[in-house]
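What follows is a short report on a single structure.
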Amino acid sequence: MHRYLLRRLVEGVITVWFIATATFFAMHLVPGDPLLNDKAVPKEIRANLEQHYGLDQPLPVQYLRYLGQMVRGDFGISFTQKNRAVNDIIREHFPVSASLGLVALAIAAAGGILWGALTARYRGRWPDALIMLGVIVAISVPGFVVAALAQLAIVELNRLAGRSLLPVAGWGEWRHFVVPALVLGLGTMAYLTRLMRSSMLEVIHADYIRTARAKGLGEARIFFRHQLRNAILPVITVLGPAVAAITTGGFVIELVFAIPGLGRYFVQAVQQLDYTVIMGTTVFYGAFLVFMVIAIDILYGFIDPRIRVG
Amino acid sequence: MAGPLAADDFLPLPPQPAMERAVRPSRSYWQDGWRRLRQNRSAFAALGLVLGLLLFALAGPLLWPVDPAAQDLEQLSRPPTLGERALLVDLSSEWSGTPAAESEVGAPLPAARLGRSSALSVVGSPTSQSVRLQWQAVPGARGYILYRTDHPPMEGDDLGLPLVRIIGGSEVSHEDRLNPQPGRHYYSVVATDGVDEADGYRTLAVEVQLGLTLDEARRRGHELPAGASVTLAPHPLGTDYLGRDLLARLIHGARISLFIGLTAPLLSIVIGAFYGGVAGYLGGRTDALLMRFADFVVALPFLLFMILFRIGFGIGPGESGIAPLLLAMVLLGWPGTARLVRGQILRIREEGYVQAARLMGAGTPYLVLRHMLPNTMGVILVSLTFAVPSAIFTEAFLSFIGMGVAPPTPSWGSMCNDGIKTMLTHPHELLFPALVISLTVLAFNLLGDGLRDALDARLRGRE
């Protein structure tokens with residue numbers, strides 16, 4: 001177990017290094033540089049600035065220097081937002097993205113498991129058809145369209161109620177969470193519903209279910225204790241990719257609902273070619289996703305001892 | 001049977017037709033798959049929908065030869081119409097209504113004591129070129145303020161910004177030429193004492209119809225007098241905020257979106273199949289090394305790199321940005337297929353028929369072309385169908401955040417991006433592109449489900 005864990009961690013670190021390297025060189029291939037955003041500056045000042053930021057060095061030197069800085073946990077200072085450390089930007093805005101993502105993930109997981117179990121239980125009957133129709137619609141409509149429609153719905157709701165029940169956009173209190181998290185989790189929920197359905201259909205015909213029934217267990221007990229608990233296992237394996245899907249999906253939601261998350265900063269940084277912010281956010285997100293997947297794999301081993309490795 | 005074997009014992013037997021007749025007609029893998037697909041009603045309908053969409057993109061410009069970039073500034077953000085009627089309006093001379101008599105106005109009064117106008121009416125036909133209003137003078141007023149709103153005002157504060165301030169108590173008419181959009185507008189008039197406004201106001205709902213100036217009509221080839229009406233070009237799906245025909249943009253956007261949505265997965269699948277095939281076939285250390293690299297590429301934050309690449313490859317002025325988008329999608333999209341194909345190849349390599357073929361002296365090209373490739377085709381096709389919706393989503397998303405196809409090239413994603421800004425007032429601009437994206441993705445998802453059921457041998461016999 002320890003050796004397995006160690007191997008996974010080493011692999012994770014190499015992956016993060018690869019991400020950092022690929023981002024660094026891809027970013028420097030982009031024509032222009034962050035200093036071009038300012039007004040035209042005299043040659044001397046420009047040379048001074050380049051020296052200040054270390055941009056006058058050859059690329060490999062810059063790369064090694066950055067790598068050294070990164071290993072010490074310092075992502076540098078933003079080019080466009082003067083005097084703001086990338087670490088501060090991440091510290092300030094990642095919790096926003098993360099909390100939104102976490103709520104969305106919780107909604108997606110709970111909804112997916114519930115709907116999936118229901119479709120399997122009522123297979124071929126109207127609840128199954130209805131839910132699967134909802135799933136196919138949720139998968140087919142782009143996230144930003146759902147977000148826009150949700151905003152329209154909020155406007156109508158507020159108009160009907162005659163007062164502001166839910167805010168259309170913004171950030172601050174729990175009411176800002178509700179709709180964006182729901183919209184963000186929708187796609188993943190649909191995916192998990194499908195997965196849960198097929199997993200549940202396999203479990204329903206398992207021998208131990210027949211045994212349980214033969215023993216005379218009640219239907220509710222069979223459903224919750226024997227079917228649901230066993231069918232959930234495959235759903236947990238895809239939580240890693242689901243976290244990735246929700247983080248990237250968060251970009252759109254943050255843009256549409258004007259939420260001050262990290263995704264918005266990244267898009268902005270790329271447009272302004274803010275080297276340090278691009279590197280910081282990409283490496284941070286990359287590391288987050290890589291170690292999330294590892295954590296879920298290990299978690300899976302605890303939940304299902306049959307597949308525990310090492 | 002006794003005696004040694006002679007050389008002619010090894011000659012093939014002459015064909016014996018009677019022995020080859022099987023009980024049932026034999027079906028190839030693809031024939032069987034096609035039969036299964038046809039039985040799956042929703043997948044078959046989805047196939048029809050996909051073909052219909054392709055036809056829409058390919059033949060659309062022939063059936064609806066409207067330039068997607070042509071603007072009609074008289075018809076901005078108009079809802080679907082089959083040829084709107086427009087009234088010709090003569091704007092060559094200014095209109096001034098009838099001023100009120102001095103006796104009606106009387107001595108000036110402070111704002112607090114001013115009443116509201118007793119009548120507000122429209123003179124002539126209200127059009128988007130001009131709305132002529134005339135109202136009853138308020139005794140004691142030194143001027144008037146005119147407001148225009150889209151909703152009936154609920155209280156005094158709800159009037160918004162003034163349309164015009166009129167000085168002089170006897171000036172009781174105004175011609176609104178500030179381009180009122182066709183539709184219902186609410187004009188409100190408030191009396192003032194020259195500085196402050198009175199509390200009371202008179203509101204009139206005006207149904208404004210589309211108008212065209214005589215000059216504009218002449219430019220469009222209508223030599224008709226003012227008051228006549230002409231039929232404008234039809235826009236079955238309406239126009240966007242720049243007055244461009246939405247149907248034409250949807251057709252041309254389909255060409256872009258479907259081109260990207262089909263080409264990007266196709267290219268990444270060709271590359272991925274080759275990469276995975278080589279890895280699976282060679283096996284051993286090469287395989288481990290190649291697949292580790294693929295794992296790294298998978299671990300890259302997809303969207304972040306998409307945006308980086310998209311900007312890195314850059315687009316010059318006047319370019320549509322399709323090539324950098326495609327390149328970015330292919331560079332990041334291939335590992336999925338590579339893994340899939342490698343797994344298949346590893347499995348097939350150990351199959352009995354491949355061993356048999358190898359024993360009989362088949363070379364590598366024969367094995368790959370005759371056995372491995374055809375046997376992975378089904379899996380590849382299924383993953384292609386599922387890759388199309390995600391490619392369409394990616395294109396739409398990147399265009400939505402303004403990093404996809406560059407304007408004015410229409411794509412479904414960029415149309416959604418435009419439409420979302422006017423969503424509250426003109427929902428049709430978002431609705432139609434969103435609808436075709438959803439329909440396309442739905443069709444490919446259903447088709448993918450059907451193909452997987454029809455072609456994937458592992459799932460045979462399961463529900």
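Each chain gets a letter, A, B and so on, in the order its sequence line appears, and its residues count up from 1. The figures that follow rest on heavy atoms only: side chains count, while hydrogens, waters and symmetry mates do not. Just so we're clear, the structure is a prediction, and the values are computed from it rather than from any experiment.
At a 4.5 Å heavy-atom cutoff, B:L439 makes no contact with chain A through either its backbone or its side chain. Contact of A:V145 with chain B is made through the side chain alone, with heavy-atom distances under 4.5 Å. Interface remark: A:V16 contributes no atoms to any contact with chain B (heavy atom separation under 4.5 Å). Heavy atoms closer than 4.5 Å to chain B are found in both the backbone and the side chain of A:I139. Of the atoms belonging to A:I278, it is side-chain heavy atoms, and not backbone ones, that fall under 4.5 Å from chain B. The part of B:L430 that comes within reach of chain A is its side chain, from C-beta onward, which places non-hydrogen atoms under 4.5 angstrom from that chain. With a 4.5 Å cut-off on non-hydrogen atoms, B:N417 does not touch chain A at all.
A:Y122 OH: 12 or fewer foreign heavy atoms inside a 6.0 Å radius. The environment of A:Y191 atom OH is sparse: at most 12 non-hydrogen atoms of other residues, nucleotides or ligands sit within 6.0 angstrom.
For B:A45, the side chain to side chain contact (heavy atoms under 4.5 Å, CB included) test picks out no residue, with sequence neighbours left out. Remark: A:I209 pairs with A:V203, A:A206, A:R213, A:I222, A:H226, A:Q227 by the side chain to side chain contact (heavy atoms under 4.5 Å, CB included) rule, at least two apart or across chains. For B:Y275, the ring pair (Phe, Tyr, Trp, His ring centres under 6.0 Å) partners are B:W334, not counting sequence neighbours.
Counting heavy-atom pairs closer than 4.5 Å to chain B, the top residue among A:G286, A:G143, A:A22, A:A147 is A:A22. For the set B:T440, B:L442, B:L446, the count of heavy-atom pairs under 4.5 angstrom toward chain A peaks at B:L442.
When every heavy atom of B:C416 is checked against every heavy atom of A:F144, the shortest pair comes out as CB-CE1, 3.5 Å.
Note that CZ of A:R194 and CG of B:N445 are 6.0 Å apart. Values are rounded to the nearest 0.5 Å.
Contacts between residues 128-138 of chain A and chain B, counted as heavy-atom pairs separated by less than 4.5 Å, involve A:I136.
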